[in-house]
2 protein chains.
Amino acid sequence: MAGVSQPSGLPAPSVAPDARRQLIDAALRLFANRGFDGTSLQDIADVVGIRKASLLYHFESKEQLRLAVLDHLLSVWNEGLPRLLVAAARTGAPRFSSVIGELVRFFDEDPNRARLLLRESLDRGEDMRKRLQTFVAPWVGVVAEYIRDGQKAGDIDAHVDPEAYVVQIVHMVVSGMATAANFDHALLPPSHPLGTPDERHTRELIRIARASLFRERGTL
Amino acid sequence: MAGVSQPSGLPAPSVAPDARRQLIDAALRLFANRGFDGTSLQDIADVVGIRKASLLYHFESKEQLRLAVLDHLLSVWNEGLPRLLVAAARTGAPRFSSVIGELVRFFDEDPNRARLLLRESLDRGEDMRKRLQTFVAPWVGVVAEYIRDGQKAGDIDAHVDPEAYVVQIVHMVVSGMATAANFDHALLPPSHPLGTPDERHTRELIRIARASLFRERGTL
DNA sequence: GCGGTCACCTACCAATCGGTAGACATTCGT
DNA sequence: ACGAATGTCTACCGATTGGTAGGTGACCGC
């Protein structure tokens with residue numbers, strides 16, 4: 001039935017330098033946009049151009065592919081971490097701009113990252129909690145400590161709850177990037193003197209983060 | 001038009017008057033927690049205690065059940081809208097507290113609402129965009145107008161982009177409530193002098209919203 | 001030349017998916 | 001009392017799912 005259209009004798013050796021990598025990339029994109037349950041192994045194999053059975057040669061199960069995608073994402077995050085901590089080592093407003101800039105950049109580079117993270121924490125909260133505890137919690141602690149320094153020095157509002165503040169901002173960035181295209185474009189007029197919905201979204205995000213942090217109103 | 005309740009003309013209620021309602025409730029919970037694709041009609045029927053075929057008597061397809069769940073959710077939202085607009089009709093700080101309080105309450109009442117909304121905008125952004133445009137955009141406009149009044153009166157920061165601000169805060173509330181249990185508990189220590197992670201989350205959310213809105217630092 | 005491993009393939013499987021057909025019982029207006 | 005809805009059931013369907021079995025060719029060190 002359903003005579004599978006065997007395209008040909010498949011003469012192409014199909015270089016396939018890093019099929020594994022290609023599969024992870026395709027899976028990231030599909031998982032992020034359709035969800036884990038909404039994506040079949042067939043879908044992923046089709047994108048890469050191999051058979052489903054060949055996919056299962058590289059990853060012994062769908063679950064393990066999921067883990068590989070997540071591991072890959074977190075390793076990319078870890079690569080960028082030093083740069084972020086360097087940014088956090090500055091002082092005052094430059095520090096603020098640098099840190100939040102690095103954060104935004106990571107997800108702006110590929111919004112699928114934000115979508116996947118959001119989906120994972122919806123689908124498998126328990127697993128995600130552990131991962132966040134390992135990969136993000138220490139970094140949150142570092143930034144929170146910088147905030148406490150700022151509070152002692154007097155340039156950061158004493159009412160700020162450092163950890164909770166960082167978590168909220170991260171949350172805002174992640175979920176914002178994940179659904180910005182849908183959410184903001186629906187609620188913000190497409191053309192406006194202040195700019196495109198995306199621009200207004202990002203600008204206001206940074207304004208909110210800054211205005212709710214420093215004691216004195218920032219000078220833009 | 002979708003007649004909500006028959007004007008006493010139809011006697012029809014009969015034995016299982018709320019099978020439909022039960023199914024919608026169960027579907028909301030399951031869709032919110034496992035996603036649409038991660039939930040089978042069998043799962044939903046099991047929760048209610050009927051057979052899958054009986055479910056399909058009430059909803060002619062899974063897709064229509066999805067739409068019914070969404071319609072129900074938005075009708076509940078619409079029921080609460082007047083109260084929210086009354087809150088918005090106040091002035092100054094009380095207005096702020098009332099509005100954001102109503103918003104938080106809606107999702108706090110049942111966090112599945114936030115989870116479902118977030119999932120829908122990830123899974124079917126296009127559809128969600130239209131729904132938001134119909135049900136939320138007008139309300140965003142009203143609140144934004146109030147913010148503009150406040151800016152003219154001088155008690156709200158002139159740098160605030162009214163629409164973008166409202167969207168950001170709504171975004172923060174929705175995605176915050178949707179994943180609070182996982183996200184915050186992972187990154188905030190379970191016991192802390194400032195309170196539970198939930199308390200700190202909500203308190204900081206409101207602080208951020210307020211501090212980034214008013215020109216003068218609010219006095220709590 | 002030869003065995004082994006790698007990376008892919010075809011062909012298949014049991015389970016589950018959303019959905020249909022039709023029997024059966026209860027309740028209703030007439 | 002009776003026919004018609006209404007709501008539930010059992011039994012089934014074709015398609016798709018994640019996963020397995022086993023074959024084939026290219027390339028490797030020896």
Side-chain angles (χ1 to χ4, degrees), chain A residues 1-28 30-31 33-70 119 123-124 127, chain B residues 3 5-28 30-31 33-70 119 123-124:
Chain A
M1 327 294 293
V4 181
S5 59
Q6 163 83 329
S8 72
L10 195 26
S14 73
V15 201
D18 40 11
R20 231 189 117 89
R21 176 61 174 270
Q22 278 182 264
L23 286 167
I24 288 182
D25 284 352
L28 167 63
L30 288 170
F31 288 166
N33 290 302
R34 306 185 195 168
F36 183 76
D37 291 311
T39 304
S40 69
L41 296 181
Q42 190 67 62
D43 292 336
I44 300 167
D46 285 350
V47 167
V48 176
I50 62 173
R51 307 286 164 187
K52 187 180 51 163
S54 307
L55 187 163
L56 284 161
Y57 166 78
H58 292 283
F59 303 93
E60 69 179 34
S61 71
K62 193 185 182 185
E63 174 66 13
Q64 293 237 340
L65 172 56
R66 198 199 110 229
L67 295 175
V69 169
L70 231 47
R119 278 197 198 272
D123 287 348
R124 269 163 295 265
D127 289 18
Chain B
S5 59
Q6 310 294 351
S8 73
L10 262 215
S14 89
V15 218
D18 44 12
R20 234 188 113 88
R21 175 65 173 270
Q22 278 181 264
L23 286 167
I24 288 182
D25 284 353
L28 167 63
L30 288 170
F31 287 166
N33 291 302
R34 306 185 196 169
F36 183 76
D37 291 312
T39 304
S40 69
L41 296 181
Q42 190 68 63
D43 291 337
I44 300 168
D46 285 350
V47 167
V48 176
I50 62 173
R51 306 289 162 186
K52 186 180 52 164
S54 306
L55 186 163
L56 284 160
Y57 168 78
H58 292 283
F59 303 92
E60 69 178 35
S61 72
K62 193 187 183 185
E63 175 66 12
Q64 293 237 340
L65 172 56
R66 195 199 113 230
L67 295 175
V69 169
L70 231 48
R119 280 196 195 272
D123 288 347
R124 267 163 297 265

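Protein chains get the first letters and strands the later ones, always in sequence-line order, with residue 1 at the start of each.
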*Can you figure out which of C:dG19, C:dT10, D:dG18 approaches the side chain of A:A53 most closely?*
C:dT10

*Roughly how far apart are A:Y57 OH and A:I50 CD1, rounded to 0.5 Å?*
11.5 Å

*Any salt bridge between B:K62 and B:D37, counting N to O under 4.0 Å?*
no

*CD of B:Q22 versus C1' of D:dG7: gap in Å, rounded?*
13 Å

*Nearest-angstrom distance from the residue atom CG of A:L56 to P of C:dC13*: 18 Å

*Touch check for B:S54, heavy atoms < 4.0 angstrom, all strands: base, sugar-phosphate only, or nothing?*
base

*asked:* Between the base of C:dG18 and the side chain of B:K52, is one N or O donor paired with an acceptor at under 3.5 angstrom?
replied: yes

*asked:* In whole Å, I'd like the distance from the CD atom of A:E60 to the P atom of C:dC6.
replied: 15 Å

*Does A:I50 or A:Y57 map to a spot on DNA chain C nearer the 5' end, using the closest nucleotide for each?*
A:Y57

*Between B:R34 and B:S40, is there a donor-acceptor pair closer than 3.5 Å when you use the side chain of the first and the backbone of the second?*
no

*With the threshold set at 4.0 Å, does a side-chain nitrogen-carboxylate oxygen contact exist between A:R66 and A:D123?*
no

*Would you name the heavy atoms of A:A26 and A:V48 that are closest together and state the gap between them?*
CB-CG2, 3.9 Å

*Value in whole Å for how far the P atom of C:dC6 lies from CZ of A:R51*: 23 Å

*Rounded to the Å, how far apart are B:L41 CG and C:dG18 C1'?*
6 Å

_Please tell me if B:H58 has a side-chain N or O lying less than 4.0 Å from either OP1 or OP2 of D:dT6._
no

*Can you tell me the distance, in whole Å, between the CG atom of B:D43 and the C1' atom of C:dG18?*
13 Å

*Atom CG of A:L65 and atom C1' of D:dG19: how far apart are they, to the nearest Å?*
14 Å

*B:S40 side chain: which of D:dT20, C:dG18, D:dC9 is closest?*
C:dG18

*Would you kindly give the CD-to-C1' distance between B:E63 and C:dC17, to the nearest whole Å?*
16 Å

